[in-house]
Each structure stands twice: as C-alpha cells, then as structure tokens.
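Report on the structure given below.
Scope of the values below: all heavy atoms of this structure, side chains included, with no hydrogens, waters or symmetry mates. We count ligands from 1, going down the list as the structure has it; atoms in each ligand are counted the same way.
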Amino acid sequence: MSQLLDNLNPEQLAAVTLPARHALILAGAGSGKTRVLTTRIAWLIQSGFCGPQGILAVTFTNKAAKEMVTRLSAMFPINTRGMWIGTFHGLCNRFLRAHHRDAGLPQLFQILDSGDQLASIKRLLKTLNIDDEKFPPRDLQHFINGQKEAGIRPAAVEAWDDYTRRRVELYVEYEAQCQREAVVDFPELLLRSYELLERNEPIRRHYQARFRHILVDEFQDTNVLQYRWLKLLAGGQGGEGGACLFCVGDDDQSIYRFRGAEIGNMRDFERDFRVTDVIRLEQNYRSQGNILDAANALITNNTKRLGKNLWTDKGAGEPIRVYEAFTDTDEARWIVEEIQSLVRDGMGRADIALLYRSNAQSRVLEHQLFSSGVPYRVYGGLRFFERQEVKHALAYLRLIANPDDDTAFTRVVNFPTRGIGARSLEALQDAARTWNTPLYQTVPHLSGKPGTSLAQFVVLIERLRQETRELPLHEMVDHVIELSGLRAHYKTEKEGQERLENLDELINAAANFSAEVGAGQIPGEQPSETSAVLAEFLAHASLEAGDHQADAGIEAVQLMTVHAAKGLEFDVVFLSGLEEGLFPHENSAQESDGLEEERRLMYVAVTRARQRLYLSFTQSRMLHGQVRYNLRSRFLEEIPEGLTKWLTPPSPRRSFVSEPSTRYYNPGAGKAAAPAMPPPPPQKSRDLGGLRIGQSVNHARFGDGVIVAAEGSGNDARVQVKFAEAGAKWLMLAMAKLTPV
Ligand code: ATP
Ligand code: MG
C-alpha cells in the first residue's frame, strides 16, 4: 500500500486519498492527472473502501482504456474484469448488451459506424422514394446525430418550418428502420443507455447502488449527453446514496469543441454536485523546463482560461530545436535523417513521435520513412494510400489504366451513388460468370434497366480516358477526382474536409511522382506517355499501401495527428508543418474561438514531449493541389526566443508591412475579413504575362475571380486571385493557366 502512494506529491496524495466525495482535479498537462486517477482506483480497492465491481472509469480512447487496465494490473494483482473501464461508447455497449431486452433490442444487435449509418440513411431515402437532392443524406445524418447527441427524440424536436418537420419525419422512419434491422448507431448507444437508466427505475437503482466511484479522465472533452449520463449514474447528487464522481481534466486541452464537447460541463459539475474539493496539480513530471516554459508561454495568449501555471524541477534541459525547410519533402528528409541519428545514438524508435495537424501530412513523412527503411506505425488513422477516399480515386485511375480490373470496378461503380443497385450488380456478375468476361466488358451485353445504368458508368470511364489522355499525370488525377463526382461528394459530407485534403494530397503525390520520373530521364529522350506514367504511379501507390507499417513486435516510430496524441507522452517529439493555414488550420479563422482551439491543440502537441522537441516549417508546401508559400506559424512566434535553438539560420518572419514584395498569408481571405490585417501595400506594375492587378480572370477549377496581388517575377511569378466561390488563392502564374474574361 505505502508503495502505491510513495511516489506522489502532497497534492496528488490528497487527490488520491480524498474521502468519498465528488471532486474535480483541474490541472495542466503532464501533472499526473491520469496517474492520480489510476492510483485512486487501486487505493480505493486496496484499502477496502470499494470492490472492483464498484468502479466505473471512463477514458477517451481505446488505447487509453487499455493502458489504464495495464497500469492497474501492474500496481497489484487484481481481477480487472469486474470493473467497468472503457470509453463512453464501449461502456454503453456493455450496458445495452446486459439489458438488451429492457432496451428493446435483440441480444446480438449490430453497431453501425458512421459510414454504415450513412449507407443506411441512403437506403431509407431510396425506399421512401425521396429526392436526395432535397434531403442530402449527409445533412440528414448530421441532423439526426445532432438531435441524438442533445438527447432529443423526434417527438421533442422543435420544428418551426416545413423542411424541419419533414426531416423529423425521416428521423422517425430512420429509427424504425434501425429497429427493424436490429442495428444501433454511435449516438444511439449513448442515448439509449441514458433513456433506459432514466426510465427504468430498478435498473437505475441497481447501477446507482453498484457503482460507488465513477472516475472520468479528459473530462474537458465530454459532451452534454455524456455528462447527463454520468449524472444519472452517479445518482444522489448531494453525495447521499449515489456514487462519487471524480473528474480530472484540463481546460487548456479542450480540443473537441468542434464536435460538441462542452467545457461548461466543468462549471456545471462544480455547481450540480456542489463540489467542494477542487484540487489543482501544478508540478509537471513529464517535460524538461524549456519545453514546459514554451507551453506555458504559448497558452497565455488565450483569453478564455480557468488559469493555471505549471512548473518542473527537472531543469531546463535541451533547447527546443527549430528547423526551416525549403519544401515539405526537404522537411521530411531532414526529420528522417535526424531520427536515424537519434536511433544510432541509442534512442528507442518507439520513444519518438511524429505529430502533425492534418492527416494528409502523413503521406510525405511515410514515404521518406519507408524509403529509408525506418519502421513506423500510424496511430488513430489509416496510412495515406489506405484511406477510403484515396482508394476510391485510385480505383477510377485503375479503371482508366485497365478496365478489366474487377475490384476497382466494384469499388466505384456506384460510388458516388449513381443509382446502380445491388440487383443490377448481381445480374452483371452472373452474366460475367456465365460468359467468363470481365465486368466492364460484360456491360454492353446486358439488357434491361440494369444494362442502362451500368452503361452510363462505362460511358463515364471512357470519357475520363479520352479527356485525360493528353494531360500530365497530376492534372489527370485532378480531373478524375472532379469528373467522377468524388470531390462534389466529399464537399457535402459533414466531416469531408479532411477527405478533400487527402484527395488534394493525392494530386500532390502525382505531381511529385512525375517530377521524379522526369528527373530520371535521359536528356533528349521523349517524355514517357501519360499512360505509362499512370501505370507506374499506380504500382507505386499499391507498393506504398502495401504492408510497410512495422509488424507488431517491431519497434517503430509513432506517427499520429495531434488529436490522437492526447494523453500520451514520448521522449522525442517532432512537430512538423508549423505554418499559417496549416497550424493554425485555415478553417479556424472562420469560427469564433477557432484560433484559441488551435492554440490549445498546439499546447497539447508541445506538452507530449519529455526530453526533446523539434518544431519545423517549410518555405513552400504543396497544399490542396497547389504550391503555397505560407508564413511560419504564429505559434512559433509565441515561444520565447531564449528557449529555442535554430538549426537553420534564423530568418525574420516575413512580414507584409515591412517587405511589400512578400506576402502575408491570410487564412480567412475571401471569407471573413481579418480585422488585424494591415491594408495591402501599393503594388508596382510588373509583367504578369499580359495580366494585371484588378483584372478579371477565369481558372479551370476555381472559376471566375479578380487578381488582387502579385509577387516574384519570371518563372516564379505568383498572383493572388480572389475567386467568387473558392475564396482567395495564390497561384503560380506559369502553372495556373489563367484566362482573361
Ligand atoms: P495529460 O494532461 O497530458 O493527460 P496527465 O496530467 O494525465 O497528462 P500523466 O500522464 O498522469 O499526466 O503523468 C505524466 C507523467 O508524469 C507520467 O509519466 C507519470 O508517470 C509521471 N508522474 C506523474 N506524477 C509523478 C510523480 N509524483 N512522480 C514521478 N512521476 C510522476
Ligand atoms: Mg492524462
């Protein structure tokens, strides 16, 4: 027992051994919140205050839940099965399985992930013969989930207009379909558990009596319904008879507000449960001083904080290393070289993490790691070439290269949906089997309705082949993404932004690939035909998608987004892509509080590092299909100079005001006016290949716009065009093919 408490500081000890009351531990990163929570569980059981079956603990990810169980088993021999430890979804699933009959479900109900849910909604609309242009399935999914997450069933939705009333009717139909098919979507897991507890008094009483201690990690990221569920489970809120709620969290690490997480839960918790024990932990045990000081300095730029400061007795440690690369490829190359040298010096690969803001950034890093033979593993997401949208786009390209590729055919024949049903496909497959021909070749021989809709698909592929024959590879990829309808499809998806970024990243990959192929060519030789380059590119993609990821058991460098890194720690952290528009993400400029959420995310990233932190940015980067010249991130400027060491000659931050010839990247340009932006400096007239500032132009993809700024000259000349729909963009004049209108 004493061993259990030996390594705690006085505040941690107080938190671990609090009497049975509700408590809130509000503390910064690395101060031992998760450790306190785990140790408290062990202490409660070992002291005999509570049996394992009296414990319910909620964490945010499966990885974190597993780790908690492992840590507990390491503390003392204990049967962890009696305890309820898991994520909100995991625990609700367990609860509904145990009480399926009372919840009105068959025991073997299936869970729909969000992709399955969407498919189910589409099927519903089709059955009901409803125009999915009027009621886009993604919108409907968003609407239904939003209601469920707020705990609202159809009867309780306040519908003031016809459109909403109609959507509510569809919500009813959707519920009925799910019920018929015995399936439960993610928000339903939580809502149904909540309702069962609320309505069924014997069950509620049973659990309220059973769980004596409910412990919640990462409390700052719970949403409204999750909080209500906890409240119900905890029972008597004054502490009489119910469970004790022990919540730990950090307002500075609240990074899911965009998904409805409610920081107000912290305040409500203090009020609803009359919490008198609010404990703050201020000593950080994770990071060296310089890293911690950087995190502290950074987060003081946020105004909405509950306020706290962290200190460490570890000493300053190494300075934070800053690296400026020319391009994203250079950045990745440098990172991998640095990793190799760290490993040579004895650092374990698993102690090194590569973090990035957006998933799309992993591709360049993965490529470098793989080419250099460094084992790596991507967490909390798929590797680039395995992502759904990338595979879809590749399937179209594969069909252009080889129409007989049945796998590619089946993958996209009805994606995006074009009304080709399962029955038509079955008829086609039967015929193909009978005649022993590939699906594509079978289509023309198929009669009736299935034949017509499938024939249209074949026409689309033929058209794609014709129209892209002469194009360079990256334009071909771009064109295919556009014409196949993939881009439009993901534009309407609620969380499609990331998928769009990945599709754009595929265009970048194609551009890089042709450049490499081109570079390997003998001067004077005819450039390879696009079809040959395409075949090579597809081979490259399948190879990269192949199993490069390190096998289980092999020590591997860890790659993940900053979101996925929450709660984790590593000896060495590389944080790449510190550029305006990327981190902070350009979308953040359009949302109120968006920038503060990005800064909290940056705080999470910095505080993952124990000993060494690398921050890098590039002068230019292929982003969303175009070369961008971004300013380095404002977050770098917010780290005091004395804490950093530049590995490249420190460059002044390019500024709009002092150097009119360089530009200031404005994340909100064209959408929301950024109030702090200085007025544009006068532009000298320069040769813009016959174009001038103020001129209206057209771009094949972005449509009509007006040239508003220019920089550079000759091959390097770039112009900023404010497009009516696509917003402001910087384009390379030599590549953009702008035509005056
Ligand atoms: P985050 O906010 O990032 O989730 P946290 O507050 O949950 O961080 P922990 O992960 O619990 O912090 O702890 C950070 C590190 O500090 C861990 O490696 C933990 O083992 C260590 N640690 C915590 N408390 C102590 C202590 N009293 N003595 C030594 N090490 C400690
Ligand atoms: Mg933690």
Side-chain angles (χ1 to χ4, degrees), residues 2-17 23-43 57-72 74-75 85 87 215-222 246-256 261 263 266 279-289 291-292 294-296 298-299 305-306 308-315 317 348 350-351 353 355 560 562-573 575 600-611 613:
S2 65
Q3 252 178 334
L4 196 64
L5 307 177
D6 268 357
N7 294 322
L8 300 172
N9 69 33
E11 292 76 29
Q12 292 177 329
L13 182 67
V16 166
T17 56
L24 175 64
I25 315 299
L26 179 65
S31 58
K33 294 183 297 299
T34 304
R35 177 162 169 158
V36 161
L37 190 146
T38 318
T39 315
R40 180 164 170 86
I41 297 176
W43 178 79
V58 197
T59 67
F60 221 71
T61 60
N62 291 326
K63 193 174 190 286
K66 263 195 216 123
E67 207 161 294
M68 195 171 281
V69 174
T70 320
R71 278 201 213 175
L72 273 173
M75 285 183 195
I85 297 185
T87 61
L215 306 97
V216 190
D217 201 359
E218 310 276 3
F219 185 60
Q220 76 278 358
D221 281 326
T222 48
F246 185 90
C247 300
V248 311
D250 177 5
D251 57 306
D252 288 332
Q253 294 186 71
S254 150
I255 54 175
Y256 281 96
I263 192 77
M266 288 209 176
I279 295 188
R280 289 170 192 263
L281 309 174
E282 306 214 306
Q283 180 168 3
N284 173 298
Y285 289 92
R286 181 180 292 147
S287 310
Q288 298 280 357
I291 296 172
L292 194 61
N296 280 336
L298 192 89
I299 200 68
R305 299 182 65 210
L306 299 178
K308 56 186 131 44
N309 232 339
L310 286 171
W311 60 276
T312 176
D313 62 8
K314 273 192 195 299
D351 298 321
L355 307 184
M560 67 195 85
V562 182
H563 277 104
K566 195 166 76 146
L568 307 180
E569 55 187 21
F570 312 91
D571 286 340
V572 179
V573 168
L575 179 60
R600 289 191 295 270
L601 200 51
M602 178 71 184
Y603 175 78
V604 169
V606 168
T607 53
R608 296 310 98 198
R610 290 200 195 102
Q611 292 167 15
L613 175 63

* Heavy-atom closest contact (Ser287 atom, Leu292 atom, distance) -> CB-N, 4.4 Å
* **Distance filter under 2.8 Å, centred on the Mg ion (ligand 2) - protein N, O or S atoms that pass it** => Thr34 OG1
* Taking NZ, NE, NH1 and NH2 as the nitrogens, is one of them in Arg600 or Asp251 under 4.0 Å from a carboxylate oxygen of the other? -> no
* To do: Show which atoms of ligand 1 fall inside a sub-4.0 Å distance from at least one heavy-atom site of Gly567.
  => 4 (O)
* Asked: N/O of Gly30 under 3.5 Å from N/O of ligand 1, yes or no?
  -> yes
* **Numbered atoms of ligand 1 (with element) below 4.0 Å of Arg608, judged on heavy atoms** => 3 (O)
* To do: Examine ligand 1 and decide if any of its atoms is less than 4.0 Å from a heavy atom belonging to Ala27.
  => no
* Do me a favour and list the nearest non-hydrogen protein atom to atom 14 (C) of ligand 1 with residue, atom name and distance? => Glu569 OE1, 3.4 Å
* Examine distances only and state if a side-chain atom of Arg286 and a backbone atom of Thr607 form a donor-acceptor pair shorter than 3.5 Å. => yes
* Do any nitrogen or oxygen atoms of Lys33 lie less than 3.5 angstrom from nitrogen or oxygen atoms of ligand 1? -> yes
* Asked: Among protein heavy atoms, which lies nearest atom 24 (N) of ligand 1, and at what distance?
  -> Gln12 NE2, 3.0 Å
* Asked: Would a distance-only check, ignoring hydrogens and angles, find a side-chain to backbone donor-acceptor pair under 3.5 Å from Asp221 to Ile255?
  -> yes
* Asked: What atoms in ligand 1 come closer than 4.0 Å to a heavy atom of Asn7?
  -> 26 (C), 27 (N), 28 (N)
* Structure fact -> Nearest heavy-atom contact between Ala295 and Tyr603 is O-CD1, 3.5 Å
* Asked: Backbone N or O of Leu26 within a donor-acceptor pair of the Lys33 side chain at under 3.5 Å?
  -> no
* Asked: Going through the distances and angles, do Leu215 and Phe246 end up as a side chain to side chain contact (heavy atoms under 4.5 Å, CB included)?
  -> CA-CA 5 Å; Leu215 306 97; Phe246 185 90; 3.7 Å; yes
* **Sidechain N-carboxylate O distance under 4.0 Å for Glu218, Lys566** => yes
* Structure fact -> Applying side-chain hydrogen bond (donor to acceptor under 3.5 Å, both in side chains) to Gln253 and not counting sequence neighbours gives Asp250, Arg608
* To do: Distance to 0.1 Å, residue and atom name: give those for the protein heavy atom nearest to atom 10 (O) of ligand 1.
  => Arg286 NH2, 3.1 Å
* To do: Output yes when the distance from some N or O of ligand 1 to some N or O of Asp250 is under 3.5 Å, and no in every other case.
  => no
* Structure fact -> heavy-atom search around atom 31 (C) of ligand 1 in the protein gives Arg35 NH1, 3.2 Å
* Regarding Asn9 and Tyr285, is there a side-chain donor-to-acceptor distance under 3.5 Å anywhere? -> yes
* Counting only N and O atoms by type, is there a donor-acceptor contact under 3.5 Å from the side chain of Gln12 to the main-chain atoms of Ser31? -> yes
* Asked: Polar-atom distance check: Gly32 versus ligand 1, any N or O pair below 3.5 Å?
  -> yes
* Output yes when Arg610 and Asp571 qualify as a salt bridge under the 4.0 Å nitrogen-oxygen rule, no when they do not. => yes
* Polar-atom distance check: Arg610 versus ligand 1, any N or O pair below 3.5 Å? -> no
* Can a donor-acceptor pair be found between the side chains of Thr312 and Asn284 at a distance below 3.5 Å? -> no
* To do: Identify, by atom number and element, the atoms of ligand 1 in contact range of Gly28, meaning under 4.0 Å from any of its heavy atoms.
  => 6 (O)
* Structure fact -> heavy-atom search around atom 29 (C) of ligand 1 in the protein gives Tyr285 CD2, 3.6 Å
